[in-house]
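Nothing here was measured: the structure is a model prediction, and the numbers come from that model. Numbered from 1 within each chain, the chains take letters A, B, ... in sequence-line order.
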Protein chains: 2
Amino acid sequence: MARPSTPKLSTRAIADAALGLVDAHGEFTLPQLARKLSVSASSLYNHVQGKGEIIELMRGRAMAEIELPDLGNVSWQEAVRAIATEYWASYSKHPRLIPLLTSHTVRDSTTLRVYDALAEALAMAGIEPAQRLQAITIIDSFVLGSALDAAAPKIVWEAAPESSNYFKEALEAGLSDSSRPQTTFELGLSMLLGALGHQAAAGSDGG
Amino acid sequence: MARPSTPKLSTRAIADAALGLVDAHGEFTLPQLARKLSVSASSLYNHVQGKGEIIELMRGRAMAEIELPDLGNVSWQEAVRAIATEYWASYSKHPRLIPLLTSHTVRDSTTLRVYDALAEALAMAGIEPAQRLQAITIIDSFVLGSALDAAAPKIVWEAAPESSNYFKEALEAGLSDSSRPQTTFELGLSMLLGALGHQAAAGSDGG
DNA sequence: ACCTGAACACCGTTCAAGT
DNA sequence: ACCTGAACACCGTTCAAGT
């Protein structure tokens, strides 16, 4: 019963099973993963270099869900908005995956195509290369931070007995809404888009 | 040689030693930490509940470096800018700590006072409680994401052989500058502050 | 090529024993 | 109260052995 005629494992199956564990428990170990796949832990090494590669496979699975807009049909602002929102949503579907991703360098092509699309939309807006990199970085930071913020069993929204009234009344006013993460993300994104619009307009005036 | 007359350990010493390991290696183990403190691993448990508490102690050490502005002397926008910049800077001093923090709930009072100060500055601007919580969340997300972005041996700035020209020329235009993370953060923060200013003005008009 | 089981060095945590 | 060393269950990874 050493080598089966049809393989029991594949990188796809490994990634999906691992993602299931992370969604459920916030972490995963190779013995857990192997058990879930009805296989021994050492078998995983026939398909994968180690635990790190499994994390990169999960990133790919999450990013694969992103559908990019057709850049020919919409304004650049709508394009950037759509890309950023898809990006945020795919992170938010697997919030507990994010902490695992942040300590790893990315080289995943599925992720890079999102940056490509962003760059193209910003170029459409007439934003010059140097400002374009800054804009991408700012949007990326906000998306990642927002997804993290939505992910973490958050601070602030639970315990602040000795806090100022300014903070407490803000908490009380904002708590109950379950769609808060989404609407807050969209508001912040609109702020950035508005500012990028001004910058693009000023650039085409002056330069 | 069991109990020394003067204790060899303290939570402060443990946190500082752990922070040194994380800064240097991006992670830490209890045996490593114990060795650095010339102590056995089990001794740590006389001062600390476990590894998780050590992470929280490190968060406190990082946040303790934040100096909050005197809110009486500056405009609310300058106050928010100063708070957010200090916050970002203290994360950025220990970039490799961030991934460890993101999977933990916060209850650290040193961190909460930063939110208090932010809330007060936004209240000064006349921003109502519900919008105040959104504004705090947006700023927090951007600060955290920007620090992470500056931390990670980043994607994008290395490998994109098959990328679009729009993206490549942005990369080429932006790479060489070593102060890029700081200036990009400040630009994004200004974008958000401008939008918050509009919102505050509109609120005081209408309401 | 692909799975197994034994083995290795390591980890976080507990606990009786010492002063 | 505070440190030690032995012990436990667990982890990631390697590798010879099987088909």
What nucleotide, of [options], holds the atom closest to the side chain of [X]?
X	options	answer
B/Leu9	C/dC3, D/dT4, D/dC3	D/dC3
A/Ala41	D/dT13, C/dT13, C/dC3	D/dT13
A/Asn46	C/dT4, D/dA6, D/dG12	C/dT4
A/Lys8	D/dG5, C/dC3, D/dT14	C/dC3
B/Pro7	D/dC2, D/dT14, D/dG12	D/dC2
B/Ser40	D/dT4, C/dT13, C/dC3	D/dT4
A/Thr29	D/dG12, D/dG5, D/dC2	D/dG12
A/His47	D/dC11, C/dT4, C/dC2	C/dC2

### Message
For B/Phe28, does the six-membered ring have the charged nitrogen or CZ of B/Lys51 within the cation-pi criterion, i.e. under 6.0 angstrom from the centroid and within 45° of the normal?
### Response
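Relative to the ring axis of B/Phe28, which defines the angle, B/Lys51 lies inside both limits.
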Quickly work out the [X] [atom1] to [N] [atom2] distance and round it to whole Å.
X	N	atom1	atom2	answer
A/Arg35	D/dC10	CZ	C1'	11 Å
A/Leu30	D/dG12	CG	C1'	6 Å
A/Phe28	D/dC11	CZ	P	12 Å
A/Glu27	D/dG12	CD	P	10 Å
B/Ile55	C/dG12	CD1	P	10 Å
A/Gln49	D/dG12	CD	P	16 Å
B/Leu44	D/dC2	CG	C1'	12 Å
B/Leu37	D/dC3	CG	P	10 Å

Notebook entry, point to check: What is the minimum heavy-atom distance between B/Arg81 and B/Ser190, and which atoms define it?
Noted result: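 Taking every non-hydrogen atom into account, NH1-OG, 2.9 Å.
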**Partners passing ring pair (Phe, Tyr, Trp, His ring centres under 6.0 Å) against B/Trp76 (at least two apart in sequence or in another chain)** =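 Once residues adjacent in sequence are excluded, B/Trp76 has no partner under the ring pair (Phe, Tyr, Trp, His ring centres under 6.0 Å) criterion.
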>> Between A/Asp16 and A/Arg61, does any NZ, NE, NH1 or NH2 come within less than 4.0 Å of an OD or OE carboxylate oxygen?
In response: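 Counted as a salt bridge, because a side-chain N and a carboxylate O are separated by less than 4.0 Å.
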Check: Applying a 3.5 Å limit to both distances, which nucleotide forms a Watson-Crick or G-U wobble pair with C/dG18?
Finding: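 With both distances under 3.5 Å, C/dG18 matches D/dC2.
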Q: Provide the Watson-Crick or G-U wobble partner of D/dG12, both distances under 3.5 Å; none if there is no partner.
A: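 Result: C/dC8.
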When you measure from the side-chain N and O atoms of A/Ser43 to the phosphate of C/dT4, is any distance below 4.0 Å, counting only OP1 and OP2?
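Yes.
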query = Is atom OH of A/Tyr166 surrounded by more than 12 heavy atoms (other residues, nucleotides or ligands) closer than 6.0 Å?
reply =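 Counting other residues, nucleotides and ligands, OH of A/Tyr166 stays at 12 neighbours or fewer.
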